[in-house]
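First the structure, in the form of structure tokens, and then the observations on it.
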Amino acid sequence: MAVLVTGGGGFIGSHTCVELLQNGFDIVVVDNFSNCNPKSLERVKELTGKDFPVYPCDIRDLDGLCKVFDNEKIDSVIHFAGLKAVGESTQIPMEYYDNNVVGTLNLCRVMAKYGCKKIVFSSSATVYGYDNPSPLVETMKTGGVTNPYGRTKLMIEEILKDIAASDDEWSIVLLRYFNPIGAHESGRIGENPNGIPNNLMPYITQVAVGKREFLSVFGGDYDTPDGTGVRDYIHVVDLADGHIKALDVLNKKTGVAIYNLGTGNGYSVLDIVKAFEKASGNPLPYKIVDRRPGDIDVCYSNPEKAFKELGWKAKRGIEDMCADSWRWQSMNPNGYDD
């Protein structure tokens, strides 16, 4: 029996595929490759020495998903597939609702049809909204979300809770991510967005290798020590390891379990810039520009529940995150096209 990884070719998905394979799991990957490169999965196979089936399928394609379940023996699902940029979601909200919400509904319908009722969902700290003080804990009220991306995550969480309430055979883990950065220590896989990056670290690394002239820092007047937004940055390999722990929960109990995956530490954008300059040994030009719609001042986690119940804790610090990000980009200036 295999774990189906939707969006397995993406940044977090590809790193999780490596960890799954190295921990003895069989995997099947579904990805439409709209914001990632299929070569990432070739490198996953290279790093692990293991093969696995890959289906170039959109999760909104009901028939395509059914073919995957017809062909493979799927025991559980880790669901990454989705659009994920806060700023972009304010510009094309309909695409976000269609891709993220409708896609997840399709996936759940197919899972139910084939008797596969175990899923780990890639959620987000954005579901806590703007009116909860950090550090954020899982018992806080959700809602008050400031952007369409976050609302799709919140909607999907509510849908999954309703599914579990309606059928006690479902086992669901909601993982609320904070801000994944870093890359595999080999430098062979990393974050490789198509077009202009929407997230901080790939923009930083592209400036560092000369692909972009300077980093745009969105907002310098937040209520933070240096005026730039504060976030909880987590190494992508630590995040991937959290999914391995979450699979254990799926196999032990039914119902819904919710966990924050973060470090519990908040770093500003300029903190990350300074740490990256140290890791790379090069100055990083930046300019303070207008805030992005939907962003908030401060967001960081209380990760104690994941430690107590999953035995999971982030191991890598901000220095590791920046060093691994730089290694990936410097070894692959053009991403997977190198």
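Keep in mind the model is a prediction, meaning the values are calculated, not measured.
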Once rounded to the nearest 0.5 Å, what's the spacing between atom [atom1] of [X] and atom [atom2] of [Y]?
| X | Y | atom1 | atom2 | value |
| --- | --- | --- | --- | --- |
| Tyr55 | Asn71 | OH | CG | 4.0 Å |
| Leu4 | Ile78 | CG | CD1 | 9.5 Å |
| Thr228 | Asp271 | OG1 | CG | 7.0 Å |
| Ser89 | Lys84 | OG | NZ | 12.0 Å |

ring-ring contact (aromatic ring centres under 6.0 Å, His included) pairs touching residues 136-183, sequence neighbours excluded, are Tyr177-His243
Is the closest basic N to carboxylate O distance between Lys245 and Glu309 below 4.0 Å?
no
(Q) Using a strict threshold of under 4.0 Å (side-chain N to carboxylate O), is an ion pair present between Glu138 and Lys305? (A) no
Any luck finding a side-chain donor-acceptor pair between Tyr336 and Glu42 under 3.5 Å? no
Around atom [atom1] of [X], are there more than 12 heavy atoms from other residues, nucleotides or ligands closer than 6.0 Å?
| X | atom1 | result |
| --- | --- | --- |
| Phe307 | CZ | no |
| Asp290 | CG | no |
| Glu158 | CD | yes |
| Tyr130 | OH | no |

Residue pairs passing the side-chain hydrogen bond (donor to acceptor under 3.5 Å, both in side chains) test with at least one member in residues 316-328, sequence neighbours excluded, are His235-Asp324, Asp238-Arg316, Asp324-Arg327
**Request:** Check whether any side-chain N or O of Asp232 sits under 3.5 Å from a backbone N or O of Ser301 as a donor-acceptor pair, and report yes or no.
**Result:** yes
Any side-chain heavy atom of [X] sitting closer than 4.5 Å to one from [Y]?
| X | Y | result |
| --- | --- | --- |
| Asn100 | Arg60 | no |
| Arg212 | Ile196 | yes |
| Pro133 | Met140 | yes |

Heavy-atom closest pair (Asn260 atom, Trp312 atom, distance to 0.1 Å) is O-CZ3, 4.3 Å
The residue among Ile156, Ile258, Ile172 that forms side chain to side chain contact (heavy atoms under 4.5 Å, CB included) with Lys161 is Ile258
Salt bridge (charged side-chain N to carboxylate O under 4.0 Å, His left out) pairs touching residues 63-82, sequence neighbours excluded, are Asp75-Lys118
